[in-house]
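What follows is a short report on a single structure.
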Amino acid sequence: MSSTVTVFEVGPRDGLQSRGDMVPTTKKIALIDALSRTGLRKIEATSFVSPRWVPQMADAGEVMAGIVRHEGVTYAALTPNVTGLGRALAAGCGEVAIFASSSDGFSRANLNCSIAESFERFAPVLEEARAAGVPVRGYLSTVIACPFDGPTDPGEVSRWAGRLLEMGCYEVSLGDTIGAGDTEALDWLLDGLLAHTDAERIAGHFHDTAGVAADLVALALDRGVRTFDASVAGLGGCPYAPGAPGNVDTRCVLEVIEAKGFRHGIDLDALARAEAVARAATNAI
Ligand code: HMG
Ligand code: MG
């Protein structure tokens, strides 16, 4: 099993999508450029979603056009449908992500359709991305609990995660969207999921409501998961999940990775510079 752990930086997308204020495009570009100098190899730069739904991401094309691309860094974006995929491909994204939910309530709030309908929309996205040679990541939200439907059945998580992988996603990122998880709940979830899924095709995406996200990362590492989503300076939330807090802080994830004896390849001084840019961009200095 790999001794290197991948940190998938989602701050420029998940961190900035639900803010009440609009972070100027130039500041988003400065943040992504600072992150590109840290050694991170995966940066989710933006999302090509409906600007009516998420106005904070309306400048996705300009963001992608303005960044300085570093060799070895993949710049990713969310694409809920073929319209989003077309925009992402035109903007030169190195990979894209579809995002499903394991609860119907959140699916309807976030995508305006049921889980089953969302998978119908994802099928052509995967087909067109495959034809374009662009890898597709799959997110699965509300894996522990849903702000509308309550606790999620782990069986549903296994079912929809399996479907994302069968459809051609190279990996499924498990989203604890509202940060409802504790180690017991995650352990139970992974018991079911890892019985028939390779841990290296699973990523952890933990929002840090209760301050236990570091424990969840540690547990998932013990269970063989080797990719974690994180947000620089802990920025984040989801506009369609009431109460969703920021993602687990990138620095916090790096500390857990080191404590567990794994490598991450991130320059901590460069990360501190990116954190300063993130705080300046969000006026949180
Ligand atoms: P809809 O209203 O059912 O769809 O929204 P529609 O096809 O009727 O489109 C509505 C309007 O948007 C139309 O424009 C479309 O052309 C346009 P109008 O005719 O009204 O002028 N449109 C688009 N424009 C640009 N790019 C597109 C696009 N698609 C449609 N891609 C839809 C359905 C999926 C579009 C909408 O619900 C949507 O955009 N949802 C995205 C919500 C979102 O971004 N949520 C946050 C990300 S998910 C998340 O944070 C969770 C995660 O972090 C994991 C976790 O924490 O669990 C990933
Ligand atoms: Mg999220």
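Given the structure is predicted, the values throughout are model-derived calculations rather than measurements. Read the numbers this way: they start at 1 and go in the same order the structure lists the ligands and their atoms. Side chains included, hydrogens not; waters and symmetry mates left out as well; all remaining heavy atoms used.
- By the criterion of a heavy-atom distance under 4.0 Å, the side chain of N81, and not its backbone, is placed next to ligand 1.
- Below 3.5 Å of separation, one finds no N or O of T83 facing any N or O of ligand 1.
- The shortest heavy-atom distance from P51 to ligand 1 is under 4.0 Å.
- Of the polar atoms of D176, none of the N or O atoms is found under 3.5 Å from an N or O of ligand 1, judged by distance alone.
- Neither the backbone nor the side chain of R108 comes within contact range of ligand 1; no heavy atom lies under 4.0 Å.
- Between S47 atom OG and D14 atom CG the span is 9.0 Å, to the nearest 0.5 Å.
- Taking only nitrogen or oxygen atoms, main chain and side chain alike, Q17 reaches within less than 3.5 Å of ligand 1.
- Under 4.0 angstrom from ligand 1, there are no non-hydrogen atoms of V10.
- Heavy atoms from both the backbone and the side chain of N110 come within less than 4.0 Å of ligand 1.
- A salt bridge links K42 with E95; the closest basic N to acidic carboxylate O contact falls under 4.0 Å.
- For the atom pair CZ of R41 and OG1 of T6, the computed distance is 8.5 Å after rounding to the nearest 0.5 Å.
- In this structure, R159 does not pair ionically with D153, as no charged nitrogen and carboxylate oxygen lie closer than 4.0 Å.
- Residues C169 and R137 have side chains not in contact (no heavy-atom distance under 4.5 Å, counting atoms from C-beta outward).
- Contacts between M57 and ligand 1, counted as non-hydrogen atom pairs separated by less than 4.0 Å, are absent for every part of the residue.
- Listed by number with element, the atoms of ligand 1 under 4.0 Å from a non-hydrogen atom of S141 are 51 (C), 54 (C), 55 (C), 57 (O).
- Annotation for ligand 1: atoms under 4.0 Å from non-hydrogen atoms of V54 are 42 (C), 43 (C), 44 (O).
- Between R52 and ligand 1, at least one N/O pair is under 3.5 Å apart.
- On a distance-only criterion, F106 and ligand 1 share no N/O pair closer than 3.5 Å.
- Of the polar atoms of T177, at least one N or O is found under 3.5 Å from an N or O of ligand 1, judged by distance alone.
- Angle NE2(H207) to the Mg ion (ligand 2) to OD2(D14), rounded to 10°: 100°.
- Atom CZ of R201 is surrounded by more than 12 heavy atoms from other residues, nucleotides or ligands within 6.0 Å.
- Between G84 and ligand 1, at least one N/O pair is under 3.5 Å apart.
- At least one cation-pi condition fails for R13 and F8: the charged atom is not both under 6.0 angstrom from the six-membered ring centre and inside a 45 degree cone around its axis.
- At a 4.0 Å heavy-atom cut-off, ligand 1 touches V49 through backbone and side chain alike.
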